[in-house]
Amino acid sequence: MRDAPAISYEQLLNWLRFIDEGLIEQRGFLTELDAAIGDGDHGTNLARGAGAASSKVDAEQPEYLDELFKLVGMTLVSSVGGASGPLYGTFFLRLATGVGHRQELTPEQLADGLEAGLGGVVERGKPEPGDKTMYDAMAPAVRAFRAGISSGDVASASRSAADAAAEGRNATADMVARKGRASYLGDRSVGHIDPGAASVALMFEALAAALA
Amino acid sequence: MRDAPAISYEQLLNWLRFIDEGLIEQRGFLTELDAAIGDGDHGTNLARGAGAASSKVDAEQPEYLDELFKLVGMTLVSSVGGASGPLYGTFFLRLATGVGHRQELTPEQLADGLEAGLGGVVERGKPEPGDKTMYDAMAPAVRAFRAGISSGDVASASRSAADAAAEGRNATADMVARKGRASYLGDRSVGHIDPGAASVALMFEALAAALA
Amino acid sequence: MKKLINGAEDVLAESLVGLAAAHPELRVDHANRIVYRAEPKPHGTVAILSGGGSGHEPLHAGYVGFGMLDAAVCGEIFTSPTPDQIALATKTVDTGAGVLHLVKNYTGDVMNFDMATELAGGIAVATVIIADDVAVEDSTYTAGRRGTGVTVLLEKIVGAAAEQGRDLAELAALARRVAGSGRSMGMALTSATLPASGKPNFDLGDAEIEVGVGIHGEPGRRRVPLGSAREIAAMLVEPILADYTFGGEPAVVMLNGMGATPLIELYVMFGEVSALLEKAGVRVARSLVGNYITSLDMAGCSVTVLRADDELLGLWDAPVSTPALRWGV
Amino acid sequence: MKKLINGAEDVLAESLVGLAAAHPELRVDHANRIVYRAEPKPHGTVAILSGGGSGHEPLHAGYVGFGMLDAAVCGEIFTSPTPDQIALATKTVDTGAGVLHLVKNYTGDVMNFDMATELAGGIAVATVIIADDVAVEDSTYTAGRRGTGVTVLLEKIVGAAAEQGRDLAELAALARRVAGSGRSMGMALTSATLPASGKPNFDLGDAEIEVGVGIHGEPGRRRVPLGSAREIAAMLVEPILADYTFGGEPAVVMLNGMGATPLIELYVMFGEVSALLEKAGVRVARSLVGNYITSLDMAGCSVTVLRADDELLGLWDAPVSTPALRWGV
Ligand SMILES: Nc1ncnc2c1ncn2[C@@H]1O[C@H](COP(=O)(O)OP(=O)(O)O)[C@@H](O)[C@H]1O
Ligand SMILES: Nc1ncnc2c1ncn2[C@@H]1O[C@H](COP(=O)(O)OP(=O)(O)O)[C@@H](O)[C@H]1O
Ligand SMILES: [Mg+2]
Ligand SMILES: [Mg+2]
Ligand SMILES: [Mg+2]
Ligand SMILES: [Mg+2]
């Protein structure tokens, strides 16, 4: 697809807003998933981080997208803690570098950014496919987005990314955790969805809504 | 009543045995009464004491009734603790002195003994009528026994003592506690039977059974 | 009932086995359930003895050691010890200068300690009764107030004074003064469960608390809706301040956990309590936050405020070396 | 949920207010949730820093003071602190000789401490990871073992060594040696309830326990019927002994309460545990019984055994003065 319409600053701001709203809504759900195989704070952690990031963004109103994502990443790193703070924080910091100093993005640039973000998560957490982590939802979603933009518009690409994330999330239920707290449970982790994979699915659902 | 048949050593040993059996049976009930307005150990305390007293009596087989009751009183003092240990202990120690160095008792001698025992409880605990304590069952029972032997046989006297104790026990439900732990509850103690009054009723029921 | 125990009847005996294993500096008489210092006091020094029902750990056995108690006599759970136990302990710790009995004001404790004093004939015994719980109306016609939190502070202060070689009359007078200058008030989120009964002594709804509880798993003075830490702090501090004038004197303040309340909550409560006290002009000079006088697995807390002065603070700060309180040595 | 708190979001902040009020010997940075000694270490001495999620009190803030930590960084409940908190604390405690980070092995803690070290550029930082929980299989392909009870013993021992003026490399080597010589295993009678969630993380039946739990209210390795103290002691001690050879060396043993278990039960457990250890030829040279590394209001306990030697025992016995561990001073 040549000449695809640009993805605007506002759409990406909406993405962040939808993530924030989604977390307020799904906070309890995420925490319950984490209570079952972790320590029961995932929803609380991310809601706290998203709230802090929104306030920061409202206050500083960064002009460029790299500044925006960097601010989000920094705020997540400094307000979330736990495993998800560094992981999501690094995701947004790398997304910032990946999209470059711009006010709007081509679909390719966003795909580059998402891949850079995924790379940051891999570097930080060393997750392998099937370890039952956020990676198992994030990797297929990023792949689906890249594939989607080569065959359709961003709306359909982000839709298929969200679907891939949801599928990846659901697939974590059958996995034995090897990373994160759920790994302490061994086989008993089977049958439960990974909370981080569920929050990734939420994030890509928000992206699909913002780019719809 | 002149020439009333003597109360035998064996009958009084049965009394102790019936108390022991009654406590094993009512231990949970007494503890529940105590849990409601005290600290939930009255049944456990008395069952421990009665068990210890039985073993002592079996082992030492005292020949005389004063020795028997003294052994029981000493054992209760040294094995029960709490409020009921000194109170019941003193009751039996004074009963021992009250009945004198004998192997059988006239009804009057037993009445003297019971009155001495009651006097010991009064000295030890300073209960006043209506304070919602074991005294409120024990005093009417001892009075009824004395009245009973002047107009009938020991069987009917001990029966009416048991009935008086039961009535006294029931009457504690309407009282506001002023002694013992239940006094901490103030008005909230109303509506509950005093556990010590309940164990006194058990003791006189056992006497009625032994002298029937 | 979910407890880390073997038989319900064996809890006290087996906890003393563990205590002996953990604390070689204590000597445990298992047959008589008495805990002594392994290293007795010098001859001619007054010994300090306390005791009561078990289930309030670390009270009293956890306070045996240099600068505090010479012996603790352990009754069954929530049941005061018997006269012969107490008399034996009294005879054992006496070095010739007499023994001070510190007794929490419960009918059973008072009676058993009284009988013990009769049995311990020949030994000079002074008895001080502790009755600091403002939840209970004070009256000569009733059992009177319960002995609760002040016991811990009293054992520390009088224990320190005994190490200085003060005589029995002086120590008894000091103990009476401390007992008279402290007040406590407690509350419960849940009831205690006695091992022998297996059921909570009382049931509380999910949004109810008992205010004015003691340390024996007994119900309190009233049941009220669960409030915030701030509201609960006020329910505990106000009756204490209403009952006694603490003036501008320095105070020793204890925020005590009942056994099942986590330390993070006790610190939240201490923040509220100390703010209320400072606002009322009470200067918090020393503090203790933790489980010091408990009620088995009850969740909840109590507040104790002791009016002090330079002498009492000096005794408070003096070295102490026991399983549960230790500093300066 | 019945807790002595105000808002669920305010628990940590308000507990630090209480901590500051109770302990003038500590300095609390409320904005950044860092607890320091009020009296910093002499210049040129290595500082010891630890931290992690809250809800494990007295860990870590209760171990700040002479002979132990220089600072504790407090994360939200069960959530590791953030890199900027840790970096700020690192910069503040550094006296020029570097800072030793003692980190419990959790993905979040490790990542946040790693990022903090990057941020604290210029300061010499050494990091020692504690991973002592035998309930978890050791593997390089997973998150590995959790850091639990050994943390307490390690902070004490390495804190004492730091006061002696040892350098950063020596202290890191000592810390690694201690971390490698200790093992822990825990169990729960009930789950913890996080204030923010309001519900227990898992439900246990009336006659069930979780064996192999950590300190984050997470479920354990397996659920088994509630047993006696003796049986439970065996479930904890056996995997520890199977995992490491303690030989005839002296051991430091901790019987730790999870937060809601009364001390009398912990002593019963300690009696069982020390008997099992002695039977296996492990000589219990020092012991700790109480709530030292907790999991909010979880009922249960854990056992930690550390193989020691004369050097480690000497460091163990060295003076320490913190809110939760104090002796010799
Ligand atoms: N090594 C890792 N790599 C990738 N993701 C991880 C890793 N460890 C944990 N996670 C993710 O983090 C999530 C947990 O986040 P959260 O509950 O906020 O942190 P914590 O486990 O510290 O309480 C897990 O569900 C998992 O998806
Ligand atoms: N001062 C007193 N005089 C007479 N009886 C008393 C007195 N105090 C308590 N009691 C009796 O003791 C009973 C409680 O006994 P128990 O539960 O064994 O001891 P404790 O109260 O020490 O736990 C009360 O029900 C009451 O009948
Ligand atoms: Mg979590
Ligand atoms: Mg009772
Ligand atoms: Mg009792
Ligand atoms: Mg967490």
Side-chain angles (χ1 to χ4, degrees), chain C residues 1-7 11-12 14-23 54-55 57-58 62 77 189-190 204 206-207 209 226 228-230 232 255 259-272 274-275 284 287-289 291 294 296-297 299-301 321 323 326-329, chain D residues 2-7 10-12 14-23 54-55 57-58 62 77 189-190 204 206-207 209 226 228-230 232 255 259-272 274-275 284 287-289 291 294 296-297 299-301 321 323 326-329:
Chain C
M1 174 182 58
K2 292 175 97 172
K3 290 184 185 294
L4 296 170
I5 61 175
N6 294 304
V11 178
L12 172 58
E14 295 186 348
S15 77
L16 291 177
V17 169
L19 185 83
H23 300 290
S54 295
E57 292 66 26
I77 289 175
L189 293 165
T190 64
L204 276 174
D206 272 356
I209 60 174
L226 173 62
S228 66
R230 194 155 304 143
I232 291 171
L255 195 299
T261 290
L263 194 53
I264 193 168
E265 296 179 32
L266 299 181
Y267 274 116
V268 170
M269 283 299 299
F270 186 76
E272 300 295 345
S274 63
V284 180
S287 57
L288 272 185
V289 181
N291 296 330
T294 62
L296 290 176
D297 56 351
C301 71
S321 177
R326 188 162 168 190
W327 57 70
V329 64
Chain D
K2 293 175 95 172
K3 290 184 185 292
L4 297 170
I5 60 175
N6 294 304
D10 308 321
V11 179
L12 172 58
E14 296 186 349
S15 77
L16 291 178
V17 170
L19 186 83
H23 301 289
S54 295
E57 291 67 24
I77 290 176
L189 292 165
T190 64
L204 275 175
D206 272 357
I209 60 174
L226 172 62
S228 66
R230 193 155 305 145
I232 292 170
L255 195 296
T261 289
L263 194 52
I264 193 169
E265 295 178 33
L266 298 181
Y267 274 117
V268 170
M269 284 299 299
F270 186 76
E272 299 297 344
S274 62
V284 181
S287 57
L288 273 185
V289 180
N291 295 329
T294 62
L296 290 174
D297 56 351
C301 71
S321 178
R326 190 165 167 188
W327 57 70
V329 64

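Everything quoted here is computed from the prediction, not taken from an experiment. The basis for the numbers below is simple: all heavy atoms, side chains too, and nothing from hydrogens, waters or symmetry mates. So you know, we letter chains A, B, ... as the sequences are listed, proteins then strands, and number each from 1.
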*Asks:* Does any backbone or side-chain atom of D:Asn6 lie under 4.5 Å from a heavy atom of chain C? Answer side chain, backbone, both or neither.
*Replies:*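 Both parts, backbone and side chain.
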
*Asks:* Kindly compute the distance separating OG (C:Ser15) from CZ (D:Phe270), expressed to the nearest 0.5 Å.
*Replies:*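 The OG atom of C:Ser15 sits 13.0 Å away from the CZ atom of D:Phe270.
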
*Asks:* If you round to the nearest 0.5 Å, how far is NZ of D:Lys3 from OG of C:Ser228?
*Replies:*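 C:Ser228 OG to D:Lys3 NZ: 15.5 Å, rounded to 0.5 Å.
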
*Asks:* Quick one: does C:Glu14's side chain get under 4.5 Å of D:Arg230's, heavy atoms only?
*Replies:*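 C:Glu14 vs D:Arg230: side chains touch.
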
*Asks:* Using a cut-off of under 4.5 Å for heavy-atom pairs, which of C:Gly271, C:Gly328, C:Ala229, C:Ser287 has the most such pairs with chain D?
*Replies:*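 Highest number of pairs under 4.5 Å: C:Ala229.
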
*Asks:* May I ask you to name which of C:Asp206, C:Leu189, C:Leu16 has the most heavy-atom pairs under 4.5 Å with chain D?
*Replies:*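 The answer is C:Leu189.
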
*Asks:* Non-hydrogen atoms of chain C under 4.5 Å away: do they reach the side chain of D:Leu226, the backbone, both or neither?
*Replies:*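 Side chain of D:Leu226 only, per the 4.5 Å heavy-atom cut-off to chain C.
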
*Asks:* Please look at D:Asn291 and chain C and tell me whether the side chain, the backbone, both or neither of the residue comes under 4.5 angstrom of a heavy atom of that chain.
*Replies:*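 Only the side chain of D:Asn291 comes within 4.5 Å of chain C.
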
*Asks:* Working to the nearest 0.5 Å, report the span between CG of C:Leu12 and CD1 of D:Ile264.
*Replies:*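 Answer for the CG-CD1 pair, C:Leu12 versus D:Ile264, is 6.0 Å.
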
*Asks:* Look at D:Gly18, D:Gly55, D:Gly7, D:Ala207 and state which one has the largest set of heavy-atom pairs under 4.5 Å with chain C.
*Replies:*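 Between D:Gly18, D:Gly55, D:Gly7, D:Ala207, the count favours D:Gly18.
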
*Asks:* Counting C-beta onward and ignoring hydrogens, is there a side-chain heavy-atom pair between C:Tyr267 and D:His23 closer than 4.5 Å?
*Replies:*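 Of all side-chain heavy-atom pairs linking D:His23 with C:Tyr267, at least one is under 4.5 Å.
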
*Asks:* State which residues pass side-chain contact (heavy atoms from CB on, under 4.5 Å) with C:Ala260; sequence neighbours excluded, sorted by chain then number.
*Replies:*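 Residues passing side-chain contact (heavy atoms from CB on, under 4.5 Å) with C:Ala260: C:Ala299, D:Ala260.
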
*Asks:* Who among C:Ala275, C:Gly259, C:Ala22 has the most heavy-atom pairs with chain D under 4.5 Å?
*Replies:*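 Ranked by contacts with chain D, first place is C:Ala22.
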
*Asks:* Could you tell me if the side chain of D:Leu263 sits less than 4.5 Å from the side chain of C:Thr294, heavy atoms only?
*Replies:*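 No - every pair of side-chain heavy atoms lies 4.5 Å or more apart.
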
*Asks:* Which one, C:Val289, C:Val17, C:Leu296, leads in non-hydrogen pairs under 4.5 Å with chain D?
*Replies:*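 If we count pairs closer than 4.5 Å to chain D, C:Leu296 comes out on top.
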
*Asks:* Is D:Val329 close to chain C through its backbone or its side chain, or both, or neither, when contacts mean heavy atoms under 4.5 Å?
*Replies:*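 The backbone, not the side chain.
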
*Asks:* Any side-chain heavy atom of D:Thr261 sitting closer than 4.5 Å to one from C:Leu4?
*Replies:*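 Yes, side chains in contact.
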
*Asks:* Non-hydrogen atoms of chain C under 4.5 Å away: do they reach the side chain of D:Ile232, the backbone, both or neither?
*Replies:*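 D:Ile232 touches chain C through side-chain heavy atoms alone.
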
*Asks:* Please examine the side chains of C:Lys2 and D:Leu204, heavy atoms only from C-beta on, and report whether any two atoms are closer than 4.5 Å.
*Replies:*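 A side-chain contact under 4.5 Å exists here.
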
